[in-house]
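Heads up: the structure comes next, in structure tokens.
Note that the structure is predicted; figures quoted are calculated from it, not measured. Counting begins at 1 with the first residue of the sequence.
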Amino acid sequence: MLKKKNIYVIFVTVFIVFLIILSSFLGLITYLQWRQLNFVANHYETLERIDTAAYAKNVQIDSLEVKPGFKGLPILEGRISNRGKREVVSLTLKVNFLDSSDKPVHSCIVYPLEPFRPPNFFKKIQLMRFVLLKDALIHPRGALHPKKTARFKSALWLCPKKIVKALKKKGFSSTPGEWCGKVDAESVRVRLKPV
């Protein structure tokens, strides 16, 4: 015959086993969802690399100029032309500050078609995957249509103090290894609108 104490022990044991099975099941579902999300994000990154390799030659960057902005913050202004047949949804440029022998002194990354780009440390957080997928699936307003040209302005947040001082004073150097006031840019990532 079962005593009241034994019934409580059996009930508590069954309840704990039920909670363990439930948490294991929820953990499995979460893992499968995370894995699928990771797979889709990697797929979009691979497509972006392929788009960049195939389409970067159709994106022309010109009229680049660095001007002082608010409190001396350098602002890059320029023009982007899409000479291809597909719509460019997102573009990443590597901007090089050149010396008198046209060698890069400093480089930074800008996103001219996007009004706001989160800092790079967010990419290390797994929740950023949701934002990347949203960006890939939803058509942003800053897309560049085929055979069109657009002007852009981008803040250069992490410029060295030497470059900021030279820009403020318009005191550029002709010595090798120091910024002479010239910049150039190259497309490092291009994302096209899905067909």
Side-chain angles (χ1 to χ4, degrees), residues 39-70 73-120 122-123 128-160 163-164 166-167 170 172 174 176 179-195:
F39 174 75
V40 171
N42 288 337
H43 172 73
Y44 279 113
E45 287 175 14
T46 304
L47 285 178
E48 194 171 284
R49 276 191 229 107
I50 293 169
D51 287 347
T52 301
Y55 202 82
K57 64 184 178 288
N58 293 320
V59 177
Q60 181 183 5
I61 303 114
D62 57 6
S63 303
L64 291 176
E65 190 177 350
V66 179
K67 296 180 178 180
F70 179 70
L73 176 71
I75 304 291
L76 177 71
E77 295 181 4
R79 202 171 59 195
I80 304 169
S81 301
N82 180 1
R83 295 202 240 127
K85 296 179 181 177
R86 305 247 335 253
E87 189 173 340
V88 177
V89 174
S90 176
L91 180 66
T92 304
L93 298 179
K94 180 180 180 184
V95 178
N96 297 312
F97 292 82
L98 305 174
D99 65 3
S100 56
S101 58
D102 288 340
K103 296 199 182 211
V105 176
H106 175 70
S107 298
C108 60
I109 301 291
V110 295
Y111 307 93
L113 295 180
E114 298 175 30
F116 172 73
R117 183 75 178 199
N120 286 336
F122 277 126
K123 288 194 177 205
M128 190 60 189
R129 298 284 189 178
F130 290 108
V131 176
L132 290 174
L133 285 179
K134 181 185 76 116
D135 286 348
L137 298 174
I138 296 175
H139 187 287
R141 291 184 305 190
L144 187 59
H145 299 285
K147 309 293 184 201
K148 297 287 182 182
T149 300
R151 297 201 58 75
F152 71 92
K153 286 184 179 182
S154 291
L156 304 173
W157 296 100
L158 299 174
C159 278
I163 291 177
V164 175
L167 185 62
K170 299 245 186 242
F172 305 115
S174 59
W179 186 41
C180 72
K182 292 192 296 185
V183 291
D184 76 349
E186 60 182 307
S187 304
V188 288
R189 289 198 89 122
V190 176
R191 185 186 300 157
L192 301 175
K193 182 180 177 183
V195 183

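- Between the CG atom of L156 and the CD1 atom of I75 there is a distance of 7.0 Å, given to the nearest 0.5 Å.
- Nearest heavy-atom pair across L93 and P112 is CD1-CG, 3.7 Å.
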* Asked: Stepwise, does the side-chain contact (heavy atoms from CB on, under 4.5 Å) test hold for V188 with T52?
  -> CA-CA 7 Å; V188 288; T52 301; 5.9 Å; no
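- Pairs passing the salt bridge (Lys or Arg N to Asp or Glu O under 4.0 Å) check and including a residue from residues 52-62, sequence neighbours excluded, read D62-R79.
- Annotation: side chain to side chain contact (heavy atoms under 4.5 Å, CB included) contacts of A166 (sequence neighbours excluded): F172, W179.
- Of the inter-residue distances, the one linking T92 atom OG1 with I109 atom CD1 reads 7.0 Å to the nearest 0.5 angstrom.
- For K67, the salt bridge (Lys or Arg N to Asp or Glu O under 4.0 Å) partners are E77, not counting sequence neighbours.
- Remark: F97 CZ to L167 CG distance equals 8.0 Å, nearest 0.5 Å.
- Summarising the geometry, atom NE2 belonging to H145 is positioned 8.0 Å from atom NZ belonging to K193; distances are rounded to the nearest 0.5 Å.
- A distance of 12.5 Å separates OG in S107 from CG in L158, rounded to the nearest 0.5 Å.
- Of all heavy-atom pairs spanning A143 and E87, the tightest one is CB-OE2, 3.2 Å.
- Counting all heavy atoms, side chain and backbone alike, S174 lies closest to S100 at O-OG, 2.8 Å.
- Screening R49, H43, E45 for a side chain to side chain contact (heavy atoms under 4.5 Å, CB included) involving L47 leaves a single residue, H43.
- Taking CZ of F152 as the reference point, atom CG of L144 lies at 11.0 Å (rounded to 0.5 Å).
- Evaluation of the side chain to side chain donor-acceptor pair (under 3.5 Å) rule for R83 yields Q60 as partners, not counting sequence neighbours.
- L98 and V183 make their closest contact through CD1-C, 4.3 Å (heavy atoms, listed as atom of the first residue, atom of the second, distance).
- Looking at heavy atoms from C-beta onward, I61 lies in side-chain contact with S187 at the 4.5 angstrom threshold.
- With hydrogens and angles ignored, the 3.5 Å screen pairs no side-chain donor or acceptor of Y55 with any backbone N or O of R191.
- Contacts of R86 classified as salt bridge (Lys or Arg N to Asp or Glu O under 4.0 Å), with partners at least two apart in sequence or in another chain: none.
- Applying the salt bridge (Lys or Arg N to Asp or Glu O under 4.0 Å) test to every pair with at least one member in residues 88-109, sequence neighbours left out, gives these pairs: D102-K182.
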* After noting the C-alpha distance and the side-chain angles of L192 and V89, does the key distance pass the side-chain contact (heavy atoms from CB on, under 4.5 Å) rule? -> CA-CA 5 Å; L192 301 175; V89 174; 5.9 Å; no
